[in-house]
Amino acid sequence: MIKLHDKYFEPFISRQEIDAAIAQMVENVKADFKEETPIFICVLNGAFMFASDFIKKYDQPCEISFVKLSSYHGFSSTGIVKTLLDVPDNVEGRSVVILEDIIDTGKTVKELVSMFSNINVKRFKIASMFYKPEVYSGEYNIDYVGIEIPNKFIVGYGLDYDELGRNLPEVYQIKEN
Ligand code: IMP
Ligand code: MG
């Protein structure tokens with residue numbers, strides 16, 4: 001068990017499970033994009049570790065770029081999504097695959113979809129390492145999901161609790177009481 005700020009967290013998803021899920025996602029994305037050179041867009045900060053492992057396994061021509069939004073503070077979404085680093089300008093006519101850390105309520109996904117909606121991309125897909133299906137209330141159908149998890153707060157593998165825990169190589173779940 002570990003402590004971050006005032007909360008305790010216990011091991012939840014191992015390195016092996018994460019690796020296996022990413023390998024499967026890479027196979028699915030490769031099958032869909034084999035004739036193209038996709039641009040992977042890593043959503044900072046949380047997806048940096050996932051994006052790094054994902055593209056190291058993606059052994060086909062590809063590019064990587066970054067966007068940065070902000071919305072989440074502590075345990076519950078504030079509902080405010082700001083763009084801190086905008087869509088790169090070379091995506092016109094290209095195939096884009098968003099790499100996201102986790103999809104919770106879907107506010108961030110909605111914002112990402114709208115950020116790209118006024119750009120003429122060839123194809124647009126979203127891949128998320130983790131996904132909370134019980135909470136997601138968005139309209140966009142997530143294209144690639146690594147691991148589905150229940151509605152419980154997690155940290156590690158890029159995900160934070162008030163900025164702590166991103167460096168943990170495995171995923172921990174909050175320990176209630
Ligand atoms: P959404 O906009 O509500 O879907 O939330 C997505 C964002 O909230 C993610 O990109 C994360 O930064 C953050 N988030 C959602 N759930 C968790 C969690 O369990 N742990 C840490 N961050 C989370
Ligand atoms: Mg995030």
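All ligand and atom numbering here is 1-based and tracks the order in the structure. Both backbone and side-chain heavy atoms feed into the values below; hydrogens, waters and symmetry mates do not. Bear in mind that the values here come from a model prediction, so they are computed numbers and not experimental data.
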query: Would you say I154 and ligand 1 have an N/O pair spaced under 3.5 Å apart?
result: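 N/O-N/O distance under 3.5 Å: yes.
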query: Are any of the side-chain nitrogens in K68 or D86 under 4.0 Å away from the carboxylate oxygens of its partner?
result: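 Result for this pair is no, no salt bridge flagged.
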- prompt: Is R94 salt-bridged to E63, going by a charged N under 4.0 Å from an acidic O?
  reply: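 Yes, R94 and E63 are salt-bridged.
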- prompt: Under a heavy-atom criterion of less than 4.0 Å, does E100 contact ligand 1?
  reply: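 Heavy atoms of E100 do come under 4.0 Å of ligand 1.
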- prompt: Mind checking whether K132 has a heavy atom under 4.0 Å from ligand 1?
  reply: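 In this structure, K132 qualifies as a contact of ligand 1 - some heavy atom is under 4.0 Å.
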task: Check each heavy atom of D101 against ligand 1 and say whether those closer than 4.0 Å belong to the side chain, the backbone, both or neither.
output: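 It is the side chain that touches ligand 1; the backbone stays farther off.
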query: Given that the side chain starts at C-beta and the backbone is N, CA, C, O, which of these parts of D104 lies under 4.0 Å from ligand 1, counting heavy atoms, or is it both or neither?
result: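 The answer is both.
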Pair Y172 and F12, ring centroids less than 6.0 Å apart: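 No, the ring of Y172 stays outside the 6.0 Å limit from the ring of F12, centre to centre.
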field: Validation row, ring centre F40 to ring centre F54 under 6.0 Å
entry: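 Between F40 and F54, the centre distance is under 6.0 Å.
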field: Value rounded to 0.5 Å, distance of CG in N90 from OG in S65
entry: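 Here the interatomic distance stands at 6.0 Å.
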message: Rounded at 0.5 Å granularity, tell me how far OG in S128 sits from CG in D101.
response: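 Rounded to the nearest 0.5 Å, the OG-CG separation comes out at 6.5 Å.
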Which ligand 1 atoms, with their elements, are less than 4.0 angstrom from a heavy-atom of [X]?
| X | result |
| --- | --- |
| D160 | 21 (C) |
| G106 | 1 (P), 3 (O), 4 (O) |
| T108 | 1 (P), 2 (O), 5 (O), 6 (C), 7 (C) |
| L159 | 21 (C), 22 (N) |

field: Flag if over 12 foreign heavy atoms under 6.0 Å of OH, Y8
entry: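 Incorrect, the count does not exceed 12.
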